[in-house]
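The structure under discussion appears below in the form of structure tokens.
Just so it is clear: chains get the letters A, B, ... in the order the sequence lines come, proteins before strands, and each one is counted from 1. Just the heavy atoms: all of them, side chains too, but no hydrogens, waters or symmetry mates, feed the values below.
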Amino acid sequence: MCAEGIRTLYKEHMIEEYASVEEPFYIPVHDEEEIFTAAYTQKIPVLLKGPTGCGKTRFVQYMAWKLGRPLTVIKGKDKGSEHQGLPLVTVACHEDLTASDLVGRYLLEGESTRWIDGPLTRAVKAGAICYLDEIVEARKDTTVLIHPLTDHRRILPVEKKGQVLEASDGFLLVISYNPGYQSALKDLKHSTRQRFIAMEFGYPPRDVEKAIIQHESGVDEATAMELAKLGEKVRHLKEHGLQEGVSTRLLIYAGELIRQGIAPRRACEVAVVWALTDDSEVQKSVEEVVSAIFP
Amino acid sequence: MLYDSIENIEAGLQKFPPAVLQEFRSTAPAVQRRLSSADFYLWGKEGIALAEHSFRSWEATVEYFRATLVVLRQLDFSHLSPWTQGGKALAQESSALACAFFRASAETLHHLSPDRLVDWALLGRSLYKGTWRSSSLACRLFDLSPQLLIQVSLDEMKKLSLFLDRLANRSYDLALEALNLAPGVLAELEKGDRDALYELACLLAEITPRDAKLCFEVAPKALNRICRDERRHFLSLVALVAQSGAQESIPFLFFHEGARSLGTLDWALHPKLLSLAEELVVDSPLAGLEFLKNCPAVLARVRSSDLEPWLREGQILLRDSPEAGVDYFRLEARRSLEVIERLASSMELSRVSDVLQMYCCALTGRSILILPTMKLTEKNLGWASPDSPTTEGNAIFLPPVINRYPHKDENFRWAKVAATHQTGHIELGTFDFSFDRPAHHFPDLRPSLEPKEAAGEKSITDFQRFFNFFPERKLASETFTVVEDSRIDHQVKEEYKGIKPLYEGIQRDSLEARPDIITLPLREAILENLVRISLGQTRGLAVSNGLQSIMKRAVHLQAQSRSPGATVEDSAEATIRLYRLLVSIPNIVAPSEAWQDMDLDALLDAETLEDMGDQNPAEPPLDREAHALEFTPPQTVEFRGELKPELVQILSRLERERTQISAPALQEAMDNSTEPQLKDKDLERPRDQLISNLVKEAARRERASSSQKRNGLDPSQESLERDDVLSFLYDEWDFRAGDFKPRWCRVEQKVMEEGSADFFERTLREYHHLAIQVKKQFELINPEFQRKMKKLPDGEEYELDAVIEAMVDRRAGQTPSEKIYWRRNKIERDVAVAFLLDMSASTAEAVSEMDIYSSQWLSRAEPPLYHALPGSRPIDKRIIDVEKESAVLFIQALETIGDTYSIYGFSGYSRENVEFYIIKDLGEPFSEQVKRRLDKIAPLQATRMGPAIRHATAKLDVQEAKTKILFLLSDGRPQDHGYSRDGVEKDYAVHDTRMALVEARRKGIVPFCLTVDRAGHDYLKTMCSDMGYEIVDDIHTLPKRLPALYRRLTT
Ligand SMILES: Nc1ncnc2c1ncn2[C@@H]1O[C@H](COP(=O)(O)OP(=O)(O)OP(=O)(O)O)[C@@H](O)[C@H]1O
Ligand SMILES: [Mg+2]
């Protein structure tokens, strides 16, 4: 019992083997599903634009699952027909992310060295969807790296090994990009930009967001509605004190706290007001909005 | 000589000027009749004796004779003699005195008992000191005696004359003035007050005579403003002020202004206030004065019980530093306002307007400004009430100070509810009313109202078109207001559940201020019931007998217009039906026994009601009743304020299509609009004025919104329009008081006018060589420089040293560090600079010819040209010209390197008007316009650096650059009207400037001062001791020096 407990404390997956078995919850807001499917079929790389926490990652997860094949047997263990999603490799980009972080590098091992594949290489080999989150944060040389992968060549040069990898069939590069915060300097180069079709994501409309909040956090419909309303109102403050509107993610957090028995105003305070900004004037204003909506 | 016959006497009088004899002859017969002959002769003899006394004393005799007759009517002869003796005694001193005495006697005797005549004479005498001036004072006292004695007793007059005597010791002019004022002053004072006043006046007369006279002069006005029992106390305070060595005029100001401000306050507060003031006066009379003066302002913000804590804080400060203390009580210290704010119960709108603004913006999704009501009323667009919340569609206006509840929080809540109501109008579409859009809950009657041929043709707004159908327009529009306000309140509470309890609380409070229904005429009573219902009242509604069914219908209509999803069009439909109900009843007052108490439930009781509004109205029985009253709108519900839908629509129509609206159409719209203040002035002018104001406002809005669209800026930036001035308030540092003077300076920001771009091009041509040089230098600056980072766990290459170290460690059997890589990290150049240019008048000074010849860099840069053509260069260049040229080169440098920069100029006069010109703003791209604006830089007025620096700092502060620089270019020390302490201490300006620079530095901005003032060392050391500064000795090096300095600062 005890030993088993320890064993199940965490699950380890090879990244290219990590694929959802269960259908991720996603409510399509527009025609994004259709477009993405078409792009995938045609192997057109996709750029997802949109503010933080509006469902980009979730969408990719969902599409990875959707586009997967039904599997008949997995390792002989499970029986029957089950749906197996496409593997999805996600890399969060940051300013120190180098090309070798993506492609792979030699490691010193004893007196010799050993090569290990980076996540991009693994995705290319496994035919996974590779999702580079916040691509603009990465160094410029990294963005150039993906150029040959994203045109008709679909190859990944592995310079250090002197190799070129052809992408396997299921491979697709998806990148995300939040146009909001970057300074002009950090904009994507056009040569990079124009290798992707771009899909704009926004925060979902009140009704859809309500359903999402309700599902994800488990609060009742009325509360979910009020949270969605709060979201809508607070987003009006973007560029009027707030750099960014409140994300669906935060609203879900607030819902979860409420579900745990935290009073709504308080839950919104910690999940929305303080999470959003450090400016005390703005905090006060958002608090006034919260207290106008929640008794 | 014996005077025992008329002849004898006349002979005796012969030797005097003929007037004497003449007077005698005219009086004598009547006197003779009244007196025994012995007495009569004695009388004549006294006259002669009087006249013989001195050279001019015959004049006294004339007066004596003349007065006798009248006097005799009041005196018997026994009194006549002391009177005569009194006069004679005076004549011994001065015949003028005696004259005055006799002349005034007749009148005086009406108010004085005869046996006090001698006292009276002596009183006058006592003022006489043997001089000409003293005699005129004494005479004047006699002259005025009749007037004075009407008011006061002779004994009291003695007190007065004691005061006059003291005052005369210092200045006869003042004494005479005081005396002349006395009858008027004394008439208006009560006896007790007068006695206290004499005392004070006597005391002041010795210490500070001017104040004594001034105090005496204003005494009635002043004293009557003060609580009766405290007047003595107050006067004793003034005495204390004088005695504690206050400067001249302070005692008077204390008296005058102190009383004036006390007069505005509740008398019950006077004892407390005066004893508080007394405590201060002991330490500093000036502080006491300022305290009294500012009491009303403080009490407008804090409860009276909180006044003392506020005072105590100031008192501590006062004992430490008198200047600081006085500033505190003058409300010119930030500390003081902070304490008030902490203690205050009232709420200043300015403190919460940002919060409310964002709140309203969140609710509506539109950028709505929150402004104090006067911002609207002063524009004179048709809104006039300073206390009512309202909106003109774009901004919400609230009273500047909200003081309805004893706690600040409650006041804030009121403001929040009021603001929410106004956003409700905006969010829920009150102003989007469309005549043609169908209602949701009513069959539409509107189309049927309009005669086919007239369909909407003349009206410029839908509201106008709608209200035009009602013969009683005011009744219709007020009914609409009631219905619409009630819809908004209802829907807001539904939509925002959180604010509902608060909202209903405020609604309940507003119910308390409603008028008694049964005192209202019938139509108004029905509306009043509806208002009350909309505010949540459910019981105790009053319905006049016979009107129950009408009332029921009205209540149903109201309920219907509040159903879910109701729109403004529903309110309009309800208005039509309500109007018909209302005009069917006369607006008369019903006797109080004709009313019935009803509850809302009963009124809503489902008795079937056919929709009577759907039938066309019967001819309204208007004026059927002779005593029908003119309709008065329901009393405003305070938190809802004013609703002016027609004006809002006119404004927005004007904004959109100003040119398509003809003047007559506009005039008509204004004429039949229901704004009362328009109606009752039937003059043409105010209406035209109003129209032109409206048109101006609409134009302003249009500009603002189009510039917003163009630049993606929020409306607070609408200043970018040239003729729009934005003003900002900044504190100023008072180094003596060690505190900021709060909101002291007004910076008026405007965009510089445009001149010609020639200047820019010309300068570049002129400084061709230098320009190229500067450009090259700046091109060398790498926009992103690399920094090698060592000892990283990961990187581009092994770092040799670290690898060796690791190997050594390994060999030594120790765990080697993993950090053996290096990597180049790019650091992007991210600089924002504000360049602040002194445009004071002194920059008009010509740069001397000598300077030009000795100019180092010029001879180096362009020697051939210069020597060859000595006259080709304008030698009357001014400092400002060189500043401008430097700016041109600077711009060129900055454009090369791509830093964010701005060019500002400043000048102005006095703290009320610090002008701040934008030549190029941060974030604004460089353009032809900027070139043209540069041309217009010119010497203006003074140099108040502090506020200009603070404003530039505020602008830099919102920039996101890593490095921010504030570059100040000036030609001398900071100087401005009132930029000193009490007009003398010049250091004040230097210290304020220094503080402004320190504030900038605290915000992470690097300040740098560059001055061309060769005598700058002394003050610059104080001003910029630990900051960067440089003095450019030779102004001609400026164009070169500036870019060089900048390069050094930023690399
Ligand atoms: N359309 C949607 N259907 C279902 N869930 C959604 C949807 N949109 C957003 N969510 C919810 O919002 C949360 C945040 O979304 P997600 O993590 O995908 O945001 P993101 O756009 O990737 O943000 P970031 O840019 O910060 O990475 C998800 O956990 C999900 O619960
Ligand atoms: Mg994501």
Side-chain angles (χ1 to χ4, degrees), chain A residues 95-101 105-108 110-111 113 139-141 181-186 206 222-223 225-226 229-243 245-246 263-265 268 272-273 276-277 279-295, chain B residues 351-368 412-413 415-417 419-420 423 427 492-493 495-503 712-716 783-784 789 792-796 798 803 806 816 818 820-821 823-826 828-830 898 900 960-962:
Chain A
E95 42 190 342
D96 282 347
L97 190 90
T98 61
S100 30
D101 290 331
R105 61 161 52 92
Y106 283 108
L107 290 186
L108 207 59
E111 293 297 304
T113 53
R139 298 179 44 142
K140 294 235 162 72
D141 57 335
Y181 346 102
Q182 281 83 29
S183 70
L185 277 172
K186 280 185 163 178
R206 210 196 263 196
T223 311
M225 192 61 182
E226 299 293 327
K229 188 189 290 174
L230 176 65
E232 184 186 302
K233 301 291 176 194
V234 171
R235 282 169 202 145
H236 287 151
L237 286 180
K238 180 160 181 203
E239 311 282 301
H240 288 282
L242 286 181
Q243 278 204 345
V246 59
R265 279 189 186 184
C268 292
V272 178
V273 182
L276 269 181
T277 170
D279 182 326
S280 65
E281 282 275 274
V282 185
Q283 282 180 351
K284 178 121 183 27
S285 318
V286 180
E287 245 165 63
E288 293 305 334
V289 179
V290 169
S291 69
I293 293 177
F294 289 97
Chain B
R351 303 219 172 238
V352 296
S353 52
D354 283 352
V355 167
L356 285 177
Q357 201 157 295
M358 279 185 263
Y359 168 79
C360 294
C361 168
L363 256 46
T364 55
R366 294 171 42 178
S367 47
I368 287 175
F412 174 74
R413 281 180 217 142
K416 183 177 173 182
V417 166
T420 309
T423 44
E427 191 186 351
V492 162
K493 285 190 289 175
E495 177 74 2
Y496 302 108
K497 299 250 169 42
I499 204 176
K500 194 171 173 182
L502 214 70
Y503 210 109
L713 296 169
D714 63 306
S716 59
E784 69 179 33
M789 313 259 297
L792 299 173
D794 189 6
E796 289 176 22
Y798 292 120
V803 172
E818 298 171 347
I820 53 168
Y821 296 91
R823 179 170 56 211
R824 251 186 277 267
N825 256 14
K826 65 169 187 219
E828 269 157 29
R829 188 181 165 87
D830 188 7
T900 306
E960 276 186 36
K962 280 204 200 94

Measuring heavy-atom distances to chain A, does B:Thr364 have an atom under 4.5 Å in its side chain, in its backbone, in both, or in neither?
backbone
With a 4.5 angstrom heavy-atom cut-off, could you sort out which part of A:Glu226 is near chain B: side chain, backbone, both or neither?
side chain
Option that, when pairs with chain B are counted at under 4.5 Å, heavy atom only, ranks first among A:Arg235, A:His236, A:Glu232, A:Glu287:
A:His236
Could you work out, with side-chain contact (heavy atoms from CB on, under 4.5 Å) as the rule, every residue matching B:Asp354, not counting sequence neighbours?
A:Glu281
Need one label for B:Gln357: side chain, backbone, both or neither, based on atoms under 4.5 Å from any heavy atom in chain A.
neither
Identify which part of A:Val286 has an atom lying under 4.5 Å from any heavy atom of chain B, answering side chain, backbone, both or neither.
neither
NZ of A:Lys233 to SG of B:Cys360, rounded to nearest 0.5 Å, is 11.5 Å
Residue B:Lys416 versus chain A: region with a heavy atom under 4.5 Å:
side chain
To the nearest 0.5 Å, how far apart are NZ in A:Lys229 and CG in B:Leu363?
9.5 Å
Shortest non-hydrogen separation from A:Glu288 to B:Tyr359 and the atoms involved:
O-CE1, 3.4 Å
